[in-house]
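Convention: sequence-line order gives letters A, B, ...; per-chain numbering from 1.
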Amino acid sequence: MRIGYACLTVGVLNTELKTCLLKNASEEKLTELIKHNLNALEKMIDYNIENQIELFRISSSLIPFGSNPVNRIAWWEVFEKQFRKISKKIAKSGMRISMHPGQYTVLNSADENIVANAITDLDYHACVMDSLGLGPENKIILHIGGIYNDKKQAIKRFLKNYQRLSETVKKRLVIENDDKSYTISDVLIIGKALDIPVVFDNLHHQVNPCDEKHPDTYWIDICKTTWKSQDGKQKIHYSQQHPDKKPGSHSKTIGINEFMAFYQDLDGRDLDIMLEVKDKNLSAIKCINCTTAKKEINRLEHEWSKYKYAVLERSPLDYLEIRKLLNNKDSYPCMEFYNLIEASFQKETTMGNSVNVAQHIWGYFRTIALPSEKKYFLKLLDQYEKGEASIKKVKKNLWKMTVKYEQTYLLDSYYYVIV
DNA sequence: TGACGTCAAGATCCG
DNA sequence: CGGATCTTGACGTCA
């Protein structure tokens, strides 16, 4: 089983993807952006390898306007060397990659122009994967599209237009149930007709269920029959409902208890699980740590080093509790650990706690900061305490110092990430 | 015609 | 002028 995350890595330096407005998309600008984004991708891959994350979705925005005629760069040739370097890292690590064109890539549209654009867009995605030397088990996930008042005809068009796709797309294409139009039973009918794999998305299914009522594992088992050996391990999407947003909105983080209940229901089924969640890699590591056979406490200690200041800012009591929890070096209290962290994040920060943590972090710079930097920090902190500056400003200053003085321990801290 | 979703770019405002 | 905050963009469907 692999567990992974989608598109972007939070809290890791130099992994941000860049883009530009269509009107500014000159050859020069695009070349610069592609180069930058490939560097960012390499950093994300490095991070995944370091953190033993073996499932990752590459963002469609890797190549800005990758399927728009405005981008006339033969980027797969121009950046061949960079692609090959990344390709080697992926291959060596055994990481499984996917891509997922968004809701605007519609293969079953009644409008021929939109279908043509969808085909071009799928070719773009396949070209990225080909450039990375990825085999057919690295999938491109697509939704079926619109209904246009006639689902039967719309499905027929999907089946027909699928035949127009290139081989490099076809060998990777898998289809997924969505949150408004096509239920898992619809998608299974299409998947069986085309003999292509079906990805089950639990939250889409919850929001857009089919008439037949069954537990998730029922649908997962049926989907499994659509995965052939050349497709690799069966893959699903897993996400949780955001408590105060509209149905289908992804949660900020994966609640570990709810995830583990789902995991228990899987009862040993060997799947790859792509998480769709705002805190991305953070939840991936959480879920990996709670399901791994390698129950070594240093995994949790390493996590703690990243979470601790974010926890301390919200709840000194939880902070102490977690420290105590990690005292026994022969234990592996993974669920308790993440439950305490999640509980602390439910709590509001107070000015006292925020000042305390800010001063604590300043301690890393006490002996190395310039007098002017010290003066500025103390001034900011004073302003914050008087209500004249936001804590955001204080944190921003600390982050600047962290980067300037290359404080490795702090560079990885979620103190700057979790808001 | 605007909402939907997503994120950063770009625009604008503020001190 | 730099930093913070607000608006726009790019895609297609549907109410």
> Should the pair A/Y364 and A/H360 be assigned to parallel (<30°), tilted (30 to 60°) or perpendicular (>60°) ring geometry?
Replying inline: tilted

>> Using a 6.0 Å cut-off, check whether atom NZ of A/K151 has over 12 heavy atoms from anything other than its own residue.
In response: yes

> Are the ring centres of A/Y182 and A/H143 closer than 6.0 Å?
Replying inline: no

> Centres of the A/F200 and A/H237 rings: under 6.0 Å?
Replying inline: no

>> For a quick check, with a 4.0 angstrom heavy-atom cut-off, what is the B/S/- contact string for nucleotides 8-15 of chain C, read 5' to 3'?
In response: -SSBBSS-

>> Test: side chain to side chain donor-acceptor pair (under 3.5 Å). Region: residues 32-44 of chain A. Which pairs qualify, not counting sequence neighbours?
In response: A/N39-A/Q82, A/E42-A/K85, A/E42-A/K89

> Can you find a side chain N or O atom of A/N24 that sits less than 4.0 Å from OP1 or OP2 on B/dG10?
Replying inline: yes

> Can you check the A/K252 NZ to B/dT6 C1' distance for me, whole Å?
Replying inline: 17 Å

> Quick one: A/K246 NZ to B/dA3 C1', roughly how many Å, whole number?
Replying inline: 8 Å

> Above 12 or not: heavy atoms from other molecules or residues under 6.0 Å from CD of A/Q163?
Replying inline: yes

> Taking all atoms of both residues into account, what is the closest heavy-atom pair of A/I119 and A/L165, and its distance?
Replying inline: CG1-CD2, 3.9 Å

> Salt bridge or not for A/D272 and A/R2, using N-O below 4.0 Å?
Replying inline: yes

What protein N or O atoms touch nucleotides 1-6 of chain C N or O atoms at under 3.5 angstrom, if any, and at what distances?
residue : atom : partner : partner atom : Å
C/dA4   : OP2  : A/K396  : NZ           : 3.3

